[in-house]
Protein chains: 4
Amino acid sequence: MTDATTEITDATVSGAPPDDCPAAPKMRADARRNRARIIEAAREVFAKTGSLTQMDDVAAAAGVGVGTVYRHFPTKDQLMGELLLQKFEVILRLLREARELDGDPGERLLESLTRCAEEFQHDTATQQIMSGPQSAAVWDSAAPTVREVDAVSEELIAAGQKTGTLRADMTVMDIRLLMCGLASSMADPDLNPAWRRHMTLITDSLRPPARGV
Amino acid sequence: MTDATTEITDATVSGAPPDDCPAAPKMRADARRNRARIIEAAREVFAKTGSLTQMDDVAAAAGVGVGTVYRHFPTKDQLMGELLLQKFEVILRLLREARELDGDPGERLLESLTRCAEEFQHDTATQQIMSGPQSAAVWDSAAPTVREVDAVSEELIAAGQKTGTLRADMTVMDIRLLMCGLASSMADPDLNPAWRRHMTLITDSLRPPARGV
Amino acid sequence: MTDATTEITDATVSGAPPDDCPAAPKMRADARRNRARIIEAAREVFAKTGSLTQMDDVAAAAGVGVGTVYRHFPTKDQLMGELLLQKFEVILRLLREARELDGDPGERLLESLTRCAEEFQHDTATQQIMSGPQSAAVWDSAAPTVREVDAVSEELIAAGQKTGTLRADMTVMDIRLLMCGLASSMADPDLNPAWRRHMTLITDSLRPPARGV
Amino acid sequence: MTDATTEITDATVSGAPPDDCPAAPKMRADARRNRARIIEAAREVFAKTGSLTQMDDVAAAAGVGVGTVYRHFPTKDQLMGELLLQKFEVILRLLREARELDGDPGERLLESLTRCAEEFQHDTATQQIMSGPQSAAVWDSAAPTVREVDAVSEELIAAGQKTGTLRADMTVMDIRLLMCGLASSMADPDLNPAWRRHMTLITDSLRPPARGV
DNA sequence: CATGAATGAGATTTCATTCAT
DNA sequence: TATGAATGAAATCTCATTCAT
């Protein structure tokens, strides 16, 4: 990873709390610790139980009272949004890494899609949020990161199309469609075990088709 | 198509209420009318509100009391299951028709997948039920039809593989994965308009990939 | 049984529908048949399920529609009242028979209390009605018969006190208290098997106590 | 009575919440206050409306929301169970006191039965719960106390039989049968005023009958 | 600030009773 | 007249969110 990437990553990924939220840099030490514990606990319990997880469960898992959870995330949607944001920050990092690596950019993109999928693999909540009909508010805080993800993707797509690895008509929309679909099949216990097969089909559909575009 | 097949299709698709349900052939005229209204209303309101739709809303939309809804569908899951069942009956019919038509069976299959998708296109209810995380009971009544769908699909896949239209490693599981994914992206208002593009990608991914299986 | 008794029994017991009810002597043959079937079915299903039996169940057991049940018994309470009435008619008959028999009247009374209990033994509904807090309406139609039962009881008590078999301070109220209590313990699945023991205690408590009244 | 026994009695009777319930000693002051208010309100409203009392009514009577009632008693059965438990704790105390007193143990037992009855006298709720057909779960939390009551009763019975005060064939089951019966007649507004008479009959039936066992 | 008790608007489901067929 | 479909007022229980301690 280059320095440039690291800088961007740090600024965008790590701290990055929503402005209206007491996660500002000057947060008290214990508050920051609590916030971290809550997010960690939320990730685990949402991953297990999906979006029907209750706020009380998150609080219990974090070892704090519900009130504390609400102090940091005034809404269940905002808490889920934070989890989503963090996932997309990881995704963004993966794509940026792919962009910096040597080798065919198309292949790099396809490989990082698989890596992204691996991030979802055990995270029921993210699967459900990505696939399902959630309240729009969940996406609010992740939106800027999603836009960055799209930007990096576009670069990679363009480069991959030049080398002929990716189909000429491919756009970021394709990635959204397919990854949304993947998340959905992953969220289904029956289909989840076959997710790598699904990934293969997705990958193949993004290469130039045998019969031409 | 043979007469026998047609008969079976008709018999299975049109009436086809679950055995334990008051939709038996000899239902009273008004009851049958109400049942139809409830299903229609359910489809509409589920499309609007998603799976968090309430039974009261269905009843109100159908212009009947809740009790009436419950008389016809003793459980919310069973009502959702009925919506699913009806869609799958249509799908089954489409696939059977494809099987009987002349021309390359692989192409027939791919075309009928598109036709199936057209069935979902405006049916947010089914999209959400298919893509979302539902209690398993929702699938109960549709299960036999789903199995028949799989059976017909398998025939078409085998034939399509012989003529080289479909990839050699394709199975019905692929269809499930991809169609579940399609339903999911369709259910997202942002992605829905691009569903034909999603369908194209799906179709392409089921043909033999350029680089071989 | 003497003729006199038979006459009374016939008049009081068999026909005897409440005045506001279409069970009047001039009921149509099929209506009378239906009424009988309903009562019979109600007795069985109430005996099994107790007072939480539903009207639909009664109708189903009788092989008629709910509407028909309601034609004969405008209220669940009235249907239960009819069952109660019939039980008390049997009780009345038993007590009258006791009165006519030879031998010590006190012993006759105590024996018929046991016989009455045998009538309840398998009839959960009557047990519950007698012991539990039911809507007063249930007792309405049985009330006159209950009064007759009391009258006969009083005769037997007086006679039994003369021969010294029954305690001198005994009244019909004692019977009510004790039989209500018996019904209650019978209604409890744990206590029910011991009901004959309960009966023994009851019987003993109605004889002159060892230490005098 | 030894000091130890007294201590245990106190410990068991006063606080004594079920272990799985938020009534643990370290409950917040307001929570404990609310819990007490709920129990008190429940007793009143159950006394009035019987076991068809609704949780909403209890909540309203206690001046709290339904949610609060459910926080303390996750089930209606558990709430009723608590009422029962508290009564049986009083009963247990009465019997233990009887065991420690001087004088004939049989007489002590019979007297404490009357005292127990006095506890029910104005508590329609307990009367109905004891006499009526309740779901078995209602008895769950009181079960251990009931067993202790039985144990103490057995001691007293054995001692009372030795002195000839109690009938030779008496068992705890007799007490259950008779007290269940008493509760039932008490619950009936018509019979309630005569409950002391009922108690007399019960007492007499537990002494050796004149004609021998 | 943290806590977790309290809130109360629903959510699903039941069932005595009514009424169109 | 008989039928059984329709009714809808409860009843129990849940859970995101608030607020007193």
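Model, not experiment: these values are computed from the prediction.
Within the structure, every side-chain polar atom (N or O) of His72(D) is placed at least 4.0 Å from both OP1 and OP2 of dA5(E). Using a 4.0 Å cut-off, some side-chain N or O of Thr68(B) falls inside it from OP1 or OP2 of dT7(F).
Using a 4.0 Å cut-off between a side-chain N of Lys or Arg and a carboxylate O of Asp or Glu, Arg35(C) and Glu82(C) qualify as a salt bridge.
Nucleotide dG8(F) holds its C1' atom 14 Å from the CZ atom of Arg71(B), rounded to whole Å. What separates CG of Leu79(D) from P of dT12(F) is a distance of 11 Å, to the nearest Å. Atom CZ in Arg35(C) sits about 15 Å away from atom P in dT1(F), given to the nearest Å. Remark: C1' of dT7(E) and CG of Asn34(D) are 11 Å apart, rounded to the nearest angstrom. Rounding to whole angstrom units, CZ of residue Phe73(B) and P of dT12(E) are separated by 15 Å.
Partners of Lys87(C) according to the salt bridge (charged side-chain N to carboxylate O under 4.0 Å, His left out) rule, which considers only residues two or more places apart in sequence or in another chain, are Glu119(C), Asp123(C). In this structure, Phe46(C) has no ring-ring contact (aromatic ring centres under 6.0 Å, His included) partners at least two apart in sequence or on a different chain. Residues satisfying the side-chain hydrogen bond (donor to acceptor under 3.5 Å, both in side chains) test with Asp30(D), not counting sequence neighbours, are Arg28(D). Remark: Asp77(D) pairs with Ser135(D) by the side-chain hydrogen bond (donor to acceptor under 3.5 Å, both in side chains) rule, at least two apart or across chains.
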Can you check side-chain contact (heavy atoms from CB on, under 4.5 Å) on Leu79(D) and Met55(D), steps first, answer last? CA-CA 9 Å; Leu79(D) 173 56; Met55(D) 293 300 262; 4.0 Å; yes

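Of the candidate nucleotides dA2(F), dA6(F), dT3(F), dT3(F) has the atom nearest to the side chain of Val64(C).
Stem list for DNA chain F (at least 3 consecutive Watson-Crick or G-U pairs, distances under 3.5 Å): E:2-21 with F:2-21.
Here the closest non-hydrogen pair linking Arg37(C) and Ala62(C) is NH2-O, 2.9 Å.
To the nearest 0.5 Å, atoms CE (Met130(A)) and CH2 (Trp139(A)) are separated by 5.0 Å. Note that CD of Gln128(D) is 10.5 Å distant from CG of Asp188(D), once rounded to the nearest 0.5 Å.
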Expected string for nucleotides 15-21 of chain E under the B/S/- scheme (protein heavy atoms, under 4.0 Å, primed atoms plus P, OP1, OP2 as sugar-phosphate) is SSBB---

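Where Gly65(B) and Gly63(C) each meet DNA chain F at their nearest nucleotide, the meeting point lying more 5' is that of Gly63(C).
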